[in-house]
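To start, the structure under review is shown below, and the notes come after it.
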Amino acid sequence: MTHPVVRTRFAPSPTGLMHVGNLRTALFEYLIARSMGGQFILRIEDTDQGRLVEGAIDIIYNTLRQVGLRHDEGPDVGGPYGPYVQSERRHVYKPYAEQLIREGHAYRCFCSRERLEQLRERSGTEGGFAGGYDRHCRNLPPHEIDRLLEAQTPHVIRQKMPLTGSTTFVDAVYGSITVENSELEDQVLLKSDGFPTYNFANVIDDHLMAITHVVRGSEYLSSTPKYNQLYEAFGWDVPVYVHLPLILGADGKKLSKRHGSTGYHDLITEGYLPEAIVNAIALLGWCPKDNRELFSLEELCRDFDVTGISKSPSVFDYGKLDWFNAAYIKALDPSAFIERARSFLPASVLGDEQRELLVVDMLKPRISRLTEIPERLRFIDRIEDYPLSLFENKKSKSTLESARVALNALIPVLESLSEWSRSSLHDTLMAQAEPLGMKTGQMLWPLRIAASGLEVTPGGAIEVLFLVGRAESLRRLESGRQRLAQA
RNA sequence: GGCCCUAUGGUCAAGCGGUCAAGACGCCGCCCUCUCAAGGCGGAAUCAGGAGUUCGAUUCUCCUUAGGGUCACCA
């Protein structure tokens, strides 16, 4: 028994940025296709001419490319089922709508927007009719229709829903769902401008493009019975539905702007890596059999399984995203790290291989976002005023007095150091602890403080001295010594 | 409001009639340590409530409650 090739599609409307919700949907569509050896199609749904945003399509292309979701067919790469932009397919929908009229599954509606609005206001939230429309035009006498058509009255084409009975569909994650047909509104299929509505274009295109799995957010669950009615009216096979649980913000509401950065590019600007974002959202609403957490896209393609998708909505946790990002940063090899972090690194570090490698080692375990880098390394290029109290540290047993002793003893040693390298700094300084009668922590604490002016630095005294450089280090140490002497 | 969906720690979640109810993030403690991290070890923290079914319910059914979604010539 042979199965048809699995085909999924990502069908965004180019109305702005790439929301993490959209990206998650795209990812799952991609994974479902790839995990079953299928194809992933990109289709642009621009049937709302009023909401088009310039450049939005490029944002979609860029995002998909950056995260590695390569589509097999689409506006830019072509394919046997094109065109892949709905506005270029405008002519294909109308004949289908007319076919439905002929076969008694749809009708022309001449109601004005004003009338519909009044209808909605009058029924209020009580909702006397499904969707608020009273089906006024559903049974217009033929001569009346002809008259209105001759008068070129603007009209839409509506789906004629069955008034009785019920519709049942099966969703791969939510199971079997049944809705009374009386709940289904006579939804608009073709708008008065000739463009199809989203729901209509979707069904037509999904069928024409041989889409086998319709994957989308669970907000479409309640309109799915209407889709089924359409498929049945045409006599087409109903696709496999895979509805994805919603992604919420920390307050439990649908994720939106006020929850912070929810656009893919916002996250990138904030220093998150594409692979970390992908990994994080893959685990939002999906859990692998073995409970593993770190997944490359390739591994996801191999292990993804629809049965691991959960039904309940999940809150997007930025803290967990940070952890994923930190994990991916740690896994970067030095050259890759430098490449990604280049724009955040100080010029004084770039170009010197030894310094670059040290900075990479220092930064990798300490940052969760690339944007933290400038702040972490700021001490290299300049030192801020710092209080003398920084020299005091209980755990290191450092006091103003011990700091004074240490600096007085170490400065001359450092001044006479022939080679300002990490190893020579390390060996030389460590050899001083014993004669000073100090533990390394006690001895090194004031050095690090005086060299950086910071209570916390990425790396210890030796790394700080090395990065700050000989001349500037000695200047800072001397300054610290003088301040301590006056205290 | 009608209809639909959902319900395990603060968050992500495993579980699919019998478990001391996994794991991860975060939090707390200890170890390591030239600060801070990272790493290692340990800890606190969960089955919304109520009826049933059953020898036995986190798991199955119903009700309640709470959340969410949807009711456009938007997608």
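If you're wondering where the values come from, they're calculated on a predicted model, not measured in any experiment. Naming: A, B, ... by sequence-line order, numbering from 1 per chain.
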Using whole Å, report how far [atom1] of [X] lies from [atom2] of [N].
| X | N | atom1 | atom2 | result |
| --- | --- | --- | --- | --- |
| A:Leu283 | B:C12 | CG | C1' | 8 Å |
| A:His243 | B:A75 | NE2 | P | 17 Å |
| A:Asp361 | B:G39 | CG | P | 15 Å |
| A:Tyr318 | B:U11 | OH | C1' | 14 Å |
| A:Met362 | B:C36 | CE | P | 15 Å |
| A:Arg90 | B:C73 | CZ | C1' | 13 Å |
| A:Arg422 | B:C34 | CZ | P | 14 Å |
| A:Leu221 | B:C5 | CG | C1' | 6 Å |

Considering every strand and a 4.0 Å limit on heavy-atom distances, what is the contact class for [X]: base, sugar-phosphate, or nothing?
| X | result |
| --- | --- |
| A:Glu463 | base |
| A:Thr457 | base |
| A:Leu284 | sugar-phosphate |
| A:Val315 | sugar-phosphate |
| A:Gly217 | nothing |
| A:Phe195 | nothing |
| A:Leu246 | sugar-phosphate |

Inset, instruction - For the residue pair A:His155 and A:Phe110, categorise the inter-ring angle as parallel (less than 30°), tilted (30 to 60°) or perpendicular (more than 60°). - result: tilted

Legend entry - Pair A:Tyr220 and A:Tyr198, ring centroids less than 6.0 Å apart: yes

Inset, instruction - Measure centre to centre between the rings of A:Trp286 and A:Phe304, then say whether the value is under 6.0 Å. - result: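 Yes.
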
In terms of side-chain heavy atoms, does [X] have a donor or acceptor partner in [Y] at a distance below 3.5 Å?
| X | Y | answer |
| --- | --- | --- |
| A:Ser296 | A:Glu299 | yes |
| A:Arg216 | A:Asn202 | no |
| A:Asp322 | A:Tyr272 | yes |
| A:Thr167 | A:Gln229 | yes |

Legend entry - Watson-Crick or G-U counterpart of B:G1, or none if no pair lies under 3.5 Å: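 Here B:G1 is engaged in a pair, and the nucleotide opposite it is B:C71.
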
Inset, instruction - Check every atom of B:U6, B:A38, B:C71 against the side chain of A:Tyr174 and return the nucleotide holding the closest atom. - result: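 Ranking B:U6, B:A38, B:C71 by closest atom to the A:Tyr174 side chain puts B:U6 first.
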
Legend entry - Nucleotide nearest A:Ser310 (side chain, heavy atoms from C-beta), chosen from B:C34, B:C4, B:A13: B:A13

Rounding to an integer number of angstrom, what distance separates [N] and [M] when you compare their [atom1] atoms?
| N | M | atom1 | result |
| --- | --- | --- | --- |
| B:U46 | B:A13 | C1' | 11 Å |
| B:U33 | B:C41 | C1' | 16 Å |
| B:A38 | B:C25 | P | 10 Å |
| B:U19 | B:G56 | C1' | 14 Å |
| B:U11 | B:G2 | P | 28 Å |
| B:G10 | B:C5 | P | 27 Å |
| B:G67 | B:U8 | P | 14 Å |

So, is [X] close to the [N] phosphate, meaning a side-chain N or O under 4.0 Å from OP1 or OP2?
| X | N | value |
| --- | --- | --- |
| A:Lys191 | B:A72 | no |
| A:Ser314 | B:A13 | yes |
| A:Lys330 | B:A37 | no |
| A:Lys320 | B:U11 | no |
| A:Arg158 | B:C73 | yes |
| A:Ser452 | B:U35 | no |

Legend entry - Base of B:C73 paired with side chain of A:Ser192 (donor-acceptor, under 3.5 Å): yes

Inset, instruction - Look at the side chain of A:Tyr198 against the base of B:A72 and say whether a donor-acceptor pair falls under 3.5 Å; ignore hydrogens and angles. - result: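 Absent.
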
